Structures are given as C-alpha cells and as structure tokens.
Amino acid sequence: MNETASHSNVRYAFVLGTLTALGALGIDMYLPAFPAIAHSLGVDEGRVQLSLVSYFIALAMGQVIYGPLSDRYGRRLPLMVGLLLFSIASVGSALSQDINTLIAMRFIQGIGACAGMVIPRAVVRDLRSGEEAARLFALMMLVLGVSPIFAPLIGSLLITWLPWQAMFWFLAFFGLLCFGSVSLFLEETHPRQRRSEGGIPATLRTYGRLASERSFMLPVLIGGFSQAILFAYLAASPFIYITLHHVSPTVYSLLFALNAVGLIGLAQANVFLLRRFGPSRLMRFATISQSVAALVLLASVVLHIDSLVLVAACFFVCVGVHGLIGPTTSMLALEPYPAFAGAASALSGTVQFACGALSGSLVSALFNGTATPFAGVVMACAVTGLGLSFLHGRSEARAVQPQPG
C-alpha cells in the first residue's frame, strides 16, 4: 500500500471508527451506573438491563432503514440525521424521571446510533475490497476498541462525582462532535450514478435475495452469535462483577478495559492471521475458543466456584476472540455484493444486533440473582456459532470442488 493510501486509511479509520464507537459508547459508558440508576429510579437491576435491551433492539431495527436509505440518497445525509437524533435522545435520557421513559429514550437513542453502525461499513465497501477492506475494518476496530477501554472509566468517574444523568449529557455532546467530523472530514463515497432508484418493493427484493444466499447468511450468523455473547456480557457484567463479586465501579471499568485490549489486539492481528490461515480456519479456531471458555464459565457457575480470576479469564477469551470473528465475517458477507453494500451492511447489522438483543433479553428475563442464566445463554450462543463455522467451512469446500463433466 502506498503512503497516500496509508494516510487515507488512517483518516477514514479515525472518522468511521469514531462513528461506530458512538453506538458502543451508548452501551459501555453507563454500565457502571446500573446500580445507581436502579436505586435512583426505584427498580431492580433486571429492569435497568431492559434500557440496554431496548437500545439493542433499536440498533437492530434501525439498520434495516439506514442501509437502503444510504444506497439511495448517499452516505452523508442519513448519517448526519442519525447523529442529530442520537444527541436529542441522549438529552431525553438525561431528563428521564422513571425507568419506562428511560427505556423509551434509549430506544430512540439507538435508532440514531445505528446510523453510525451500518453506514461506515458501507463506506468501507465503497472505498476498499478484499484484504484492503479487512485492513480498514481492523483499523476501525482499533479506534472502536478505545471506547470499551475509556467509556466505562469515564462513566465510573462521572458516577463517582456526579449524578448518573451526567453521562447522557456527555453522550449528547459527543454526538454533536461526530456530526461535525462527518461534515468536515467525510466526503460522499456513494455518487449519484451508483445509487439505487428502487422503492420499498426493490428494497424487500434485495433483502430477500441476500437472505437466501448461504454465502451471506452463514458469516452473518456466525458474527451474530459471537456478538450475542458480547451483548450478554454487556448486560450481565455489571451485576456479576459489582454485585456478585463486590468490585468497585472503577475496578469493574479496569476489568472491562482488559477485555477491550484483548479484542483490539486480536483485531489488529486479524489481517495477518487471515493471510496465514484463511477465513474458515480462523473462524473455527475463534469459535472453538469461545465454546471452551463458555463451557468453563458455565461449569464454574454450576459448581459454585467463586473465583473472580476464573470468571475474568473466561470473559477475556469470549470477548477477545470477537476481534477475529467480527472483521472476518463482515468482509466475507459484504465482499460479493458491491452494488448493495448499504443493504448488505444493514441486513448484516440487523441480524447480528437481533442476536444481541435476544441474548440480552434472555439474560434480563431469566434474571434470578445468580450468574447461571448468563452462563447458559453464553454457552448456547457459543455452541451455535461453532456449528455454523463448521457448516461454512463445508460449504466453501464444496464450492471449490471441481464439477463433473
């Protein structure tokens, strides 16, 4: 890659990674405040988890809208509308006086945030392909990975010195900063001559075509079940660390940051490992690692092994290997569909966040004051992802076999 392209990659990675991090900030930053929010609003932590679940649901639903809009009207306009909506809903969250209002505001906030989740992936497909796309995805994940390191730390500092509402005011301000960065530093990457002209019927046909393609759906689902593990962790980790293991919000933030470091490191190694082992072998290794860690976690819970170190180690593996699975599955899913990059990115994000919303909902619905529901959900997601990765490998093997005649 020449020097100009390298500098361009850094610029795009910073802008696009920051946009993607906006959605993650809306998740990570207020996790240390779960006990404080529950106390302030007079509810248990299971109810507070629903404010996270509503955000996940919005991230899943909204991407179906933003993808086709970005294919038809370009990337910048839908992105900027979403950023404004995120900031407005952040203000609404800060002003919430009861848990139901907070849940509703978080849903609207998620609708705005998902513009920053789906459209940057389409921008990458506009600009790069193949290994170059995987490299840019990995650079974006490097920027994105800073969020889980610093967001809980910022949240824990804010919750130490200020009411929990302060973090939502911070998110409103950050959303406006992202709006400014798009205005100044991100040109339109989807010119008019390449935009789709179809309406809702054409959009539905595109989604139907993508959903029927195994080459699209298998990597999307593998990434989805890995993301489901991540989202279950996000929903349950404050309760497991702070309530069950009695760590302070600051220590929780440091443990959370440790997992983010693992995710970042593996994401940056992803391009080298892809070149060395290929996507199918890499995904099998990652999903096997997740399944082993999930099994150890479930066994420790069932056997009442009260070890913070063991729990933290299992979390580290389950979360960290998503740094391998995320970029690889995104590249595999979007690569064959350059004409429908926005729709493919949207459907991919919708399926994956739906998996995350489902896992988070199950963790909340099955909440019983122990870590058992969480460990069971993680185990189910890990085993499903492992099975799908082997199925994907078999599909690829059949595709490259010479045909008779």
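Both backbone and side-chain heavy atoms feed into the values below; hydrogens, waters and symmetry mates do not. Note that this is a predicted model, so its numbers are computed, not measured.
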Q: State, yes or no, whether a side-chain contact exists between Leu282 and Ile325 at a heavy-atom distance under 4.5 Å.
A: no
Q. Got a sec, which residues hit side-chain contact (heavy atoms from CB on, under 4.5 Å) with Ala371, two or more places apart in sequence or on another chain?
A. Ile240, Leu244, Val301
Q | For Ala172 against Ser87, the heavy-atom pair lying closest together | A | O-OG, 3.1 Å
**Q.** Heavy-atom check, side chain of Leu22 versus side chain of Leu83, under 4.5 Å
**A.** yes
**Q.** Leu79 and Phe179, any side-chain heavy atoms less than 4.5 Å apart
**A.** no
Q.
If the condition is side-chain hydrogen bond (donor to acceptor under 3.5 Å, both in side chains), which residues does Ser330 pass it with, not counting sequence neighbours?
A. none
Do any side-chain atoms of residues 221-230 form donor-acceptor pairs under 3.5 angstrom with protein atoms, and if so which ones, sequence neighbours left out?
unit_1	atom_1	unit_2	atom_2	d
Ser226	OG	Gln290	NE2	3.1
Ser226	OG	His322	ND1	2.7

**Q.** Test side-chain contact (heavy atoms from CB on, under 4.5 Å) applied to Ser40 - qualifying residues, sequence neighbours left out
**A.** Trp164
Q | Closest heavy-atom pair and its distance - Val377, Ser359 | A | CG1-CB, 3.8 Å
Q) Under the 3.5 angstrom rule, does the side chain of Ser389 hit a backbone N or O of Thr287 as a donor-acceptor pair? A) no
Q) Atom CZ in Arg75, atom CG in Leu77: separation rounded to 0.5 Å? A) 12.5 Å
Q. Rounded to the nearest 0.5 Å, how far does CD1 of Ile159 lie from CD1 of Ile37?
A. 7.0 Å
Compile the donor-acceptor pairs under 3.5 Å between side chains in residues 102-119 and protein atoms, sequence neighbours left out, one pair per line.
unit_1	atom_1	unit_2	atom_2	d
Arg106	NH1	Gly26	O	2.8
Arg106	NH1	Gln109	OE1	2.6
Arg106	NH2	Gly26	O	2.7
Gln109	NE2	Ser90	OG	2.7

Q) Can you list the residues that meet the ring-ring contact (aromatic ring centres under 6.0 Å, His included) rule with Phe374, with sequence neighbours excluded? A) Phe315
(Q) Just verifying a value: how many Å separate Ser93 OG and Ile88 CD1, rounded to the nearest 0.5 Å? (A) 12.0 Å
Q) Which residues satisfy the side-chain contact (heavy atoms from CB on, under 4.5 Å) test with Phe173, sequence neighbours excluded? A) Leu177
Q) What are the two closest heavy atoms between Gly323 and Pro327, and how far apart are they? A) O-CD, 3.2 Å
Q | Worked check of side-chain contact (heavy atoms from CB on, under 4.5 Å) between Val220 and Leu347 | A | CA-CA 9 Å; Val220 165; Leu347 185 58; over 6 Å; no
Q) Can you list every side chain to side chain donor-acceptor pair (under 3.5 Å) pair that touches residues 367-387, not counting sequence neighbours? A) Asn368-Thr370, Thr370-Thr372
Q. Does some side-chain heavy atom of Cys318 sit less than 4.5 Å from a side-chain heavy atom of Val378?
A. yes
Q) Going from CG on Leu388 to CZ on Arg284, what distance comes out if it is rounded to the nearest 0.5 angstrom? A) 13.5 Å
Q) Looking only at heavy atoms, what is the nearest atom pair of Leu298 and Gly376, with distance? A) CD1-N, 4.0 Å
Q: Could you walk me through whether Met29 and Leu158 pass the side-chain contact (heavy atoms from CB on, under 4.5 Å) test, one step at a time?
A: CA-CA 10 Å; Met29 193 171 171; Leu158 289 174; 3.3 Å; yes
**Q.** Counterpart residues, side-chain hydrogen bond (donor to acceptor under 3.5 Å, both in side chains), relative to Arg47 (two or more places apart)
**A.** Asn100
Q: Evaluate the side-chain contact (heavy atoms from CB on, under 4.5 Å) criterion for residues Met283 and Leu332: first the C-alpha distance (whole Å), next the side-chain angles of each, then the deciding distance (0.1 Å), finally the verdict.
A: CA-CA 11 Å; Met283 285 194 298; Leu332 287 173; 3.7 Å; yes
Q. Out of curiosity, Leu273 CG to Thr328 OG1, how far, rounded to the nearest 0.5 Å?
A. 8.5 Å
Q | Partner set under side-chain contact (heavy atoms from CB on, under 4.5 Å) for Ala94, not counting sequence neighbours | A | Gln165, Phe168, Trp169
Q.
When you measure from the side chain of Arg76 to the backbone of Leu186, do you find a donor-acceptor pair of N or O atoms at a distance under 3.5 Å?
A. yes
Q.
Would you say CE of Met80 has more than 12 non-hydrogen atoms from neighbouring residues, nucleotides or ligands within 6.0 angstrom?
A. yes
**Q.** Rounded distance (nearest 0.5 Å) linking atom CZ of Phe185 with atom CG of Leu16
**A.** 13.0 Å
Q | Under the ring-ring contact (aromatic ring centres under 6.0 Å, His included) test, residues paired with Tyr252 that sit two or more places apart | A | Tyr241, Phe256
Q | Closest contact, heavy atoms only, His392 versus Pro219 | A | CD2-CD, 3.9 Å
Q. If you look at every heavy atom in Met217 and Leu210, which pair is closest and at what distance?
A. CG-O, 3.9 Å
Q.
In the structure I gave you, are the side-chain heavy atoms of Met167 and Leu162 within less than 4.5 Å of one another anywhere?
A. no
**Q.** Any residue meeting side-chain hydrogen bond (donor to acceptor under 3.5 Å, both in side chains) with Ser215, in chain and number order, not counting sequence neighbours
**A.** Tyr337
